[in-house]
Structure formats: structure tokens, C-alpha cells
Student: 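Mind having a look at this structure? Questions to follow.
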Amino acid sequence: MTTQYDVCMLGMGPVGTVSGLCFAKQGFQVIGVDVNPERVASFARGEAPFTEPGVDELVKETIGTDTFRVTADASHAILHSSIIMIAVGTPTPEETGIPDLSQLDNVAKTIGETIKNAAHQPVIVVRSTVPPGTMRGRIGRIIAEHSGKAIGEGFHIGSNPEFLREGKAIKDFFSTGRVVIGADAPDVADAIAALYKDVEGKRVKVSVESAEFAKYVDNTWHAIKVTYANEIGRTVQAFGGNPEETTEIFLADDQLNISPYYLRPGFAFGGSCLPKDTRGLLALAKQHGVSLPMVAGVLPSNEEQIDQGVARIMQHQPKKVAILGCAFKEHVDDLRESPALMVASKLLDKGVEVVGHDPFHAEGSALALPRTDKTLSIVPLEEAVAFADALAQLHNIPAYDEVVKSAGKPAENLTTITNRDPHDGQEDTLKAVS
Ligand SMILES: NC(=O)c1ccc[n+]([C@@H]2O[C@H](COP(=O)([O-])OP(=O)(O)OC[C@H]3O[C@@H](n4cnc5c(N)ncnc54)[C@H](O)[C@@H]3O)[C@@H](O)[C@H]2O)c1
């Protein structure tokens, strides 16, 4: 069956309106739907129901043409559209943080009841910001229940989050830097991607759940950036420093500061600088009566990363563990604040026997461990592997990869921060922490 519209947009708030108009501007047939009669009437008059630069002009340009219309008749729109996008609100109450998904539940029910009689297999895409798993586990399930059709058979699911900023929405739509598309099958992803024919930027095609999660990751990161800048600004002002100069110095480093480095998940940081200077900044701020709650959370979060690593090792219920790599990162011998030694201490605390190996620490030596009087014996690699019933690989070096692969023992790769250091040329070899 040939459908009349390329896209049906359910929910004509800022996100649904701007997206719908921008799809229409590229020549696609778009039908918008809203339950609010005032919103529908506003479009019929050729006016956007809210203020956003350029939107009124786009409404006037497209409304009543073949490319864009808005209706209250959801069933008509759903039944005659190839791609059904959901852009209803997902408000999050301050007290719980758990989003209210009732608007999504309502549209899912309407979609299900409507597509029961559809001859085509529409692609149903969530554009609203939702927790990962919502499309498949909640919206998809409701649609399946009410349509009697299965995901991937009677209809397809997708996620295509919106990254616009209000006030710059149309500009952001066309030069977003990337279009994120979550789908189960390449042809479904391609169908969604085709809607962006005039849009610049890379296409990132991923699972539905990864696409759903993207907005939380981005928006929280933006909040973290603002907060870090503000915490540094407060500190500089408090000691009478120059905030502009501080910012200029910080932003001038596009190797480690303003770059992808240090932004891939891995194991805890350590060494002679990061923990020490984080403590130093906190102490400086405290001396000047400045509170830095976000920076204060950094070292506890790092310790949590170590605890979770230890918990992962303990899942194997080992009696003997070999720590492969003891320095705070590979290719150096520096043991200061090494997360590997923290892991060893915490394992000893739990009654596990632990030995270590490190290419730069002599066999037969005993390394002092943090928070305990006990030491870690350094043994030859073959001996460490033979001794242990579980391996904890803290350094990504080929020799360790090799023994971990062939040892036939449970192994945890706790990848150190080293792999995020651009100077060692290994940033692309980072292994995902499973
Ligand atoms: N506003 C932004 O800058 C922005 C940017 C990116 C993503 N988002 C996300 O996109 C989603 C939508 O945001 P928004 O600001 O446009 O929301 P909004 O609450 O302003 O608009 C939602 C619209 O959906 C309509 N609606 C509710 N139930 C409906 C139904 N059953 N059928 C049809 N229409 C229905 C409402 O009447 C309203 O007009 C949210 O999840 C939001 O978090 C927002």
C-alpha cells in the first residue's frame, strides 16, 4: 500500500513542530497531530503555537500545502503514514526524577488500535526523551497488545532523538553535527535516515536503546560542563584570581581538555597528579569558604569504580587472584595512588590471596599497599597465572592479553586510564569494560 504521508508527528510541541516543519521543508509529506485543539487551530491560522525564531515563517510557507498540515484526527494520520514519530511530552518530577510516560502510553494505545487494520508495516519512532528500553519494553509492548501485531512483523520500532536547543531549533536541526538513529534492522535505519537528506553531519546508526540513552548522556554532560566552569569560576574569584585568564588557559588545550580524551569508560584513575591535585583544588576552595559539590564527588566516584571492579572480580568467588599490572598505568613504574594496588588491598581485605606481576617491578619484591600493612608479592608472570584461580588485568599490554586469552581462567579486564592518554598511541585500543 502506498501511504499518503511520509511522516506522522504525534505531539506538536516545540520538538514535534520544528522536526515536522524541517522534514516538510526538505519536501516530505508531513502530518502533525495534537490533542490540544488550540494548537491545531493555531496552525490552521498559519501561526505556530509558541515562539521560536523562524518557525512562524516556516508554518506560513508550508501549512495548507501538500507538505505540512496539522490535525486532531490521529487515526487518519497514523493509518496513512509510513513513519510515525512520537514527540509528546515526558515531564520529570523534581522529587523522583522518574519521567511521567503517560502521554506516551496514550499515543501507543492509539497507534496500536489504529494499525490493527493497517495493510502496511509502519516504522514507529520515539523522538521524545525517554529512559532506554521505553520504545521496546513499553511503547512497543502497548502497540503490540492493542494491534495484535508483533514488533518486527506488523510494525517496526526506532529511536531518533532530537538535539535541538530552543531559540536555535531550526538551525540546530539542519546542522546538528550528527543524526542518531536507533533501529533493529538496517532497512528501518535507512528509512529514518532518508528523512535527513538535506541535513549536515554524520549518521550514527545504533541500537534502539543506545539511541534512547543519548539524550541523557548529552544533557547531563552539558550540565556537568556548566557546573565545572562555575565551580572553577567561584574558586578563582574567591582567591582573587583572574577568571578570564584561567578560562583562556583551560580552553587552549585541545589535547587533553577540550577533546575526546578521558571520555571513554574504563577503570579508575590514579597516579601522582589527578587524585593529589583534585584534593588540592578542594582544599584551596575550602580555605576560601567556597563549596565545590561536583568536584567533591570526583574522588568518591573514583573509589566507587575501584569497588565495582573488585566486586566484579569477587563474582568469580576466587580464593587466589593475580593482579597483572601494578603501576598506576602501563609503560611506567609509578605506583603512586595506583588503582591496581587499591584493588589488591581490597581483595586482601576480603580474605583473598593476591600476587602481582608488573614488567617494571622486580620479581621477588614486595610492594607496599594502601590502607594496610600487608604487601603485594611480585612474581614471574607464569607463576602468577599458575597460582591464581582468577586474573585481574589492569594493564593493556600484549603479554597480558596473551596470557589472559590462553589461561582458561576467569578474567577481569579493568583497563586503566592509560588508554585515554593520547601520547601513548593506544587510545584506540581501549577495551570496553564488560
Ligand atoms: N523542548 C526541547 O528543547 C527538547 C529538545 C529535545 C528533546 N525534547 C524532548 O522531546 C519531547 C517533547 O518536547 P516538547 O518540549 O516539544 O514537549 P511539549 O510538552 O511542549 O509538547 C508535547 C505536545 O504533545 C501533545 N500531546 C500530548 N498527548 C498527545 C497525544 N496523545 N496525541 C497527540 N499529541 C499529544 C501536547 O498537547 C503538546 O502539544 C520531550 O520528551 C522532551 O524532553 C525537548
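Keep in mind that the numbers below use all heavy atoms, side chains included, and drop hydrogens, waters and symmetry copies. Note that ligands are numbered from 1 as they come in the structure, with each ligand's atoms numbered from 1 the same way.
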Student: Check each heavy atom of T110 against ligand 1 and say whether those closer than 4.0 Å belong to the side chain, the backbone, both or neither.
Tutor: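 Under 4.0 Å from ligand 1, T110 contributes no heavy atoms.
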Student: Of all the non-hydrogen atoms in the protein, which one sits nearest to atom 6 (C) of ligand 1, and at what distance?
Tutor: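 For atom 6 (C) of ligand 1, the nearest protein heavy atom is E162 O, 3.2 Å.
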Student: One pair to check against salt bridge (charged side-chain N to carboxylate O under 4.0 Å, His left out): R136 and E212. What are the steps and the verdict?
Tutor: CA-CA 10 Å; R136 194 184 307 282; E212 287 176 311; over 6 Å; no
Student: Tell me which protein heavy atom sits closest to atom 27 (C) of ligand 1, plus the residue, atom name and distance to 0.1 Å.
Tutor: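 So the nearest neighbour among protein heavy atoms is Q103 OE1, 3.2 Å.
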Student: Using heavy atoms and a 4.0 Å limit, tell me yes or no: is K215 in contact with ligand 1?
Tutor: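 For ligand 1, residue contact (heavy atoms, under 4.0 Å) with K215 is present.
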Student: What I want to know is whether R127 and ligand 1 share at least one N or O pair that is separated by under 3.5 angstrom.
Tutor: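 No, there is no polar N/O contact under 3.5 Å.
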Student: Can you establish whether the number of heavy atoms outside E57 located under 6.0 Å from its atom CD is more than 12?
Tutor: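 Counting other residues, nucleotides and ligands, CD of E57 exceeds 12 neighbours.
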Student: Is the distance between the ring centroids of Y196 and F173 under 6.0 Å?
Tutor: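 Ring centroids of F173 and Y196 are less than 6.0 Å from each other.
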Student: With respect to Y5, which candidate in Q29, H76, H80 satisfies the side-chain hydrogen bond (donor to acceptor under 3.5 Å, both in side chains) definition?
Tutor: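 Going through the options one by one, the only one that passes is H76.
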Student: Heavy-atom contacts with G89 under 4.0 Å: which atoms of ligand 1 show up? List them by number with element.
Tutor: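 The atoms of ligand 1 under 4.0 Å from a heavy atom of G89 are 19 (O), 22 (C).
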Student: Looking only at protein heavy atoms, which one is nearest to atom 11 (C) of ligand 1, and what is the separation?
Tutor: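 Here the nearest protein heavy atom works out to V88 O, 3.4 Å.
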Student: For R178 and F163: C-alpha separation, side-chain torsions, deciding distance, then whether side chain to side chain contact (heavy atoms under 4.5 Å, CB included) applies.
Tutor: CA-CA 9 Å; R178 71 181 168 178; F163 295 97; 3.1 Å; yes
Student: Look only at interatomic distance and state if R165 has a nitrogen or oxygen under 3.5 Å from any nitrogen or oxygen of ligand 1.
Tutor: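 No - when backbone and side-chain N and O of R165 are compared with those of ligand 1, no distance drops under 3.5 Å.
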Student: Inspect the surroundings of NZ in K215 and state if more than 12 heavy atoms from other residues, nucleotides or ligands are less than 6.0 Å away.
Tutor: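 Yes, the 6.0 Å shell around NZ holds more than 12 heavy atoms from other groups.
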Student: Quick one: look up the protein heavy atom nearest atom 2 (C) of ligand 1 and list residue, atom name and how far away it is.
Tutor: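 Here the nearest protein heavy atom works out to E166 OE2, 3.5 Å.
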Student: At what distance is the nearest protein heavy atom to atom 21 (O) of ligand 1, and which residue and atom is it?
Tutor: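 Of the protein heavy atoms, G13 CA, 3.3 Å lies nearest.
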Student: Quick check on side-chain contact (heavy atoms from CB on, under 4.5 Å): which of L347, V354, I313 does P318 satisfy it with?
Tutor: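 Single side-chain contact (heavy atoms from CB on, under 4.5 Å) partner of P318 among L347, V354, I313: I313.
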Student: Answer yes or no: does an N/O atom from N36 fall short of 3.5 Å to an N/O atom of ligand 1?
Tutor: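 For ligand 1, there is no N or O atom that lies under 3.5 Å from one belonging to N36.
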Student: Are more than 12 heavy atoms from other residues, nucleotides or ligands located less than 6.0 Å from atom NZ of K197?
Tutor: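 Yes - once you tally the heavy atoms of other residues, nucleotides and ligands closer than 6.0 Å, there are more than 12.
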Student: Flag V107 as yes when one of its N or O atoms lies below 3.5 Å from any N or O atom of ligand 1, and as no otherwise.
Tutor: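 N/O-N/O distance under 3.5 Å: no.
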Student: Starting from atom 9 (C) of ligand 1, which protein heavy atom do you reach first, and at what distance in Å?
Tutor: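 The protein heavy atom lying closest is T129 OG1, 3.4 Å.
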Student: Please state which protein non-hydrogen atom is closest to atom 25 (C) of ligand 1 and give its distance, to 0.1 Å?
Tutor: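 Closest protein heavy atom to atom 25 (C) of ligand 1: D34 OD2, 3.3 Å.
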Student: Counting only heavy atoms from other residues, nucleotides and ligands, does the tally under 6.0 Å from NZ of K60 exceed 12?
Tutor: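 Yes, NZ of K60 has more than 12 neighbouring heavy atoms, counting only those of other groups under 6.0 Å.
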Student: P14 to ligand 1: N or O pair under 3.5 Å?
Tutor: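 Right, the criterion is met.
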Student: Give the residue and atom name of whichever protein heavy atom lies nearest to atom 13 (O) of ligand 1, and the separation in Å to one decimal.
Tutor: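 Atom 13 (O) of ligand 1 sits closest to the protein heavy atom V15 CG2, 3.7 Å.
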Student: Quick check on side-chain contact (heavy atoms from CB on, under 4.5 Å): which of V70, T71, I84, T110 does V33 satisfy it with?
Tutor: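 Among V70, T71, I84, T110, the one that satisfies the side-chain contact (heavy atoms from CB on, under 4.5 Å) with V33 is T71.
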Student: Among T90, V33, L10, which residue places a heavy atom closest to atom 40 (C) of ligand 1?
Tutor: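 Selected option, by shortest heavy-atom distance: T90.
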Student: Report the part of A87 in contact with ligand 1, treating N, CA, C, O as backbone and CB onward as side chain, heavy atoms under 4.0 Å; options are side chain, backbone, both, neither.
Tutor: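 The answer is the backbone.
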Student: With a 4.0 Å cut-off, would you call D190 and K205 a salt bridge?
Tutor: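 Counted as a salt bridge, because a side-chain N and a carboxylate O are separated by less than 4.0 Å.
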